[in-house]
Amino acid sequence: MKTVQITLNSIEKVKSFVNVIANYDYDFDLVSGRYVVDAKSIMGIFSLDLSKPITLNIHSNTDIDKILEDLTPYLI
């Protein structure tokens with residue numbers, strides 16, 4: 001598992017983020033405070049406080065470099 005900090009501070013960023021990670025079969029979780037949501041769920045993402053950085057947990061031990069490259073626009 002890999003953990004990174006991301007920011008999703010606009011509706012367009014949320015949509016494009018979900019489109020990027022939907023291409024992978026791995027599980028992705030977003031953690032904000034005590035809340036954990038499926039990162040592939042747009043409704044779940046909008047239930048979080050998007051004004052602050054969010055922790056993304058990537059549940060994969062392979063393809064990490066490719067995933068992080070695709071997520072570059074969102075990484076802090």
Side-chain angles (χ1 to χ4, degrees):
M1 183 173 88
K2 174 82 173 165
T3 301
V4 294
Q5 293 288 315
I6 64 168
T7 182
L8 299 172
N9 52 11
S10 72
I11 293 171
E12 298 307 316
K13 270 186 129 173
V14 171
K15 285 196 252 182
S16 62
F17 170 78
V18 171
N19 287 335
V20 167
I21 64 168
N23 295 321
Y24 294 97
D25 290 332
Y26 309 115
D27 288 330
F28 297 84
D29 294 325
L30 288 174
V31 181
S32 179
R34 63 185 182 136
Y35 299 103
V36 178
V37 299
D38 181 355
K40 294 181 181 180
S41 167
I42 290 178
M43 292 302 291
I45 293 171
F46 282 122
S47 71
L48 301 175
D49 180 3
L50 300 179
S51 66
K52 300 176 184 171
I54 303 169
T55 302
L56 173 66
N57 293 328
I58 304 167
H59 298 279
S60 168
N61 292 324
T62 58
D63 298 328
I64 291 294
D65 292 334
K66 173 72 173 121
I67 294 169
L68 292 178
E69 180 183 324
D70 289 346
L71 294 177
T72 299
Y74 315 100
L75 296 175
I76 296 176

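Reckoned from all heavy atoms, side chains included, excluding hydrogens, waters and symmetry mates.
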* Structure fact -> Contacts satisfying salt bridge (charged side-chain N to carboxylate O under 4.0 Å, His left out) that involve residues 30-58 (not counting sequence neighbours) are Asp49-Lys52
* Which residues pass the salt bridge (Lys or Arg N to Asp or Glu O under 4.0 Å) test with Asp65, sequence neighbours left out? -> none
* Structure fact -> The reported gap from OG in Ser16 to CG in Leu8 (rounded to nearest 0.5 angstrom) is 8.0 Å
* Hydrophobic cluster membership, Met1 vs Ile6, 4.5 Å side-chain cutoff -> no
* Asked: In Å, rounded to the nearest 0.5 Å, how long is the span from CG of Asp70 to CG of Leu75?
  -> 10.5 Å
* Asked: Do the non-hydrogen side-chain atoms of Pro53 and Thr7 ever get within less than 4.5 Å of each other?
  -> no
* Asked: When you look at Leu56 and Asp29, which way does the side chain to side chain contact (heavy atoms under 4.5 Å, CB included) test go after all the steps?
  -> CA-CA 6 Å; Leu56 173 66; Asp29 294 325; over 6 Å; no
* Asked: Rest of the hydrophobic cluster containing Val31 (Ile/Leu/Val/Met/Phe/Trp/Tyr, side-chain heavy atoms under 4.5 Å)?
  -> Val36
* To do: Any pair with a residue in residues 47-76 that passes ring-ring contact (aromatic ring centres under 6.0 Å, His included), sequence neighbours left out, goes on the list, sorted by first then second residue, please.
  => Phe17-Tyr74
* Asked: In chain order, what residues pass the side-chain contact (heavy atoms from CB on, under 4.5 Å) check against Ile64, with sequence neighbours excluded?
  -> Lys2, Ile58, Ser60, Leu68
* To do: Only counting residues at least two apart or in another chain, list the ones meeting ring-ring contact (aromatic ring centres under 6.0 Å, His included) with Phe28.
  => none
* Asked: So how far is it from Ile54 CD1 to Ile45 CD1, rounded to the nearest 0.5 Å?
  -> 7.5 Å
* **Derivation and outcome, side chain to side chain contact (heavy atoms under 4.5 Å, CB included), residues Leu71 and Val20** => CA-CA 8 Å; Leu71 294 177; Val20 167; 3.9 Å; yes
* Might you point out which heavy atoms bring Val18 and Ala39 nearest each other, and give the distance in Å? => CG2-O, 3.8 Å
* **Steps toward side chain to side chain contact (heavy atoms under 4.5 Å, CB included) verdict (Ile67, Tyr26)** => CA-CA 10 Å; Ile67 294 169; Tyr26 309 115; 3.8 Å; yes
* Structure fact -> dist Leu50:CG -> Ser32:OG (nearest 0.5 Å) comes out at 8.0 Å
* Structure fact -> dist Ile11:CD1 -> Lys15:NZ (nearest 0.5 Å) comes out at 7.0 Å
* **Asn61, CG: over 12 other non-hydrogen atoms inside 6.0 angstrom** => no
* To do: Would you check if Leu48 and Val37 make a side-chain contact, meaning some heavy-atom pair closer than 4.5 Å?
  => yes
* Phe46 atom CZ, neighbour heavy-atom count above 12 within 6.0 Å -> yes
